[in-house]
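Okay, so here's the structure we're looking at.
On a predicted model such as this, the values are computed, not experimentally measured, just so you know. Index from 1, following the sequence.
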Amino acid sequence: MSGSNEQSYKVRLVLRKAVYDAEGRVTGYDWDDCEVAFTSCLLDAEVVGIERLPTGHCAATTGAISAEVLSRDADTLDLTTRARTGLLHAGIRTIGDLVRSQPYELLKVKGVGETVLREYAEVLAPLGLNIGMPLK
């Protein structure tokens, strides 16, 4: 949140988790809900993806992101040829460029689909980063 005068609003998320029997068949669902607060600048935003974060992960506790990491060449990431080609087509040269990219923008790039997005997320996670992360 950038300003103290910025208003926020709350949304209720309804979550569904499958319940499985011993053979791995879905036998029903458990439901849960939670409230999440957002700043007003996100009022018209849409959810484009949900990512499960590692236990204990919290954006407020990750600390400052190193400018050195963000300026590193994206070629240093351990990616498949398809994922590297997607970066090339998108004009992404650094890790910071990838982190600043929105998932819906990347999905418009030739050769980038859900599998490649997942691959990007997997190589960024150990660095404490993710796609679409707001950076200052």
Side-chain angles (χ1 to χ4, degrees):
M1 293 185 182
S2 57
S4 59
N5 293 350
E6 193 164 3
Q7 293 185 348
S8 65
Y9 68 99
K10 291 183 180 181
V11 296
R12 185 171 70 101
L13 299 177
V14 178
L15 309 168
R16 179 182 78 174
K17 180 179 178 187
V19 176
Y20 300 93
D21 64 12
E23 286 82 40
R25 294 181 298 233
V26 176
T27 58
Y29 297 97
D30 284 336
W31 295 85
D32 203 356
D33 64 350
C34 63
E35 253 185 34
V36 181
F38 293 98
T39 60
S40 60
C41 67
L42 296 174
L43 186 60
D44 294 329
E46 64 182 79
V47 175
V48 294
I50 303 290
E51 179 181 348
R52 178 173 293 162
L53 298 175
T55 304
H57 179 87
C58 176
T61 62
T62 56
I65 297 165
S66 165
E68 184 273 324
V69 171
L70 295 174
S71 63
R72 251 190 246 162
D73 194 333
D75 285 340
T76 63
L77 296 172
D78 185 25
L79 296 169
T80 62
T81 302
R82 178 175 290 221
R84 283 190 194 290
T85 304
L87 294 178
L88 183 66
H89 286 278
I92 293 172
R93 303 209 186 314
T94 66
I95 292 174
D97 293 340
L98 178 57
V99 169
R100 287 180 195 93
S101 300
Q102 296 298 319
Y104 66 88
E105 293 169 337
L106 291 169
L107 287 171
K108 295 176 186 177
V109 175
K110 181 180 179 182
V112 175
E114 293 292 330
T115 302
V116 169
L117 275 184
R118 226 177 339 274
E119 186 177 342
Y120 293 153
E122 287 171 3
V123 298
L124 290 173
L127 302 172
L129 303 171
N130 56 47
I131 298 168
M133 210 172 159
L135 300 174
K136 295 179 181 179

Response to the item:
Rounded to the nearest 0.5 angstrom, the CD-CG distance for Q102 and L107 is 11.0 Å

Response to the item:
Taking every heavy atom of E119 against every heavy atom of T80, the minimum-distance pair comes out as OE2-N, 2.6 Å

Worksheet, complete the sentence: Correct closest heavy-atom pair for T76 and I95 would be OG1-CD1, 4.1 Å

Worksheet item: Taking the side chain from R82 and the backbone from G111, do they hold a donor-acceptor pair closer than 3.5 Å?
Response: no

Practice prompt. Flag the pair L106 / I92 as yes when at least one side-chain heavy-atom distance between them is below 4.5 Å, and no otherwise.
Written response: yes

Worksheet item: Going from CG on L79 to OG1 on T85, what distance comes out if it is rounded to the nearest 0.5 angstrom?
Response: 10.0 Å

Fill in: Exercise: identify the closest heavy-atom pair between A74 and L87
CB-CD1, 3.9 Å

Worksheet entry | D21 atom CG, neighbour heavy-atom count above 12 within 6.0 Å | yes

Fill in: Candidate pair L77 and Y120, rule side chain to side chain contact (heavy atoms under 4.5 Å, CB included), full reasoning
CA-CA 9 Å; L77 296 172; Y120 293 153; over 6 Å; no

Worksheet entry | Pairing residues for E114 by the salt bridge (charged side-chain N to carboxylate O under 4.0 Å, His left out) criterion, not counting sequence neighbours | none

Discussion item. Within the structure provided, determine whether L98 and L129 are in side-chain contact (heavy-atom separation under 4.5 Å).
Written reply: no

Fill in: By salt bridge (charged side-chain N to carboxylate O under 4.0 Å, His left out) - contacts of D97 (at least two apart)
none

Fill in: Pairwise distance CG(N130) to CD(E122) - rounded to 0.5 angstrom
13.0 Å

Fill in: Charged N-O contact under 4.0 Å between R72 and E68
yes

Worksheet item: If you look at every heavy atom in S71 and T94, which pair is closest and at what distance?
Response: O-CG2, 3.8 Å

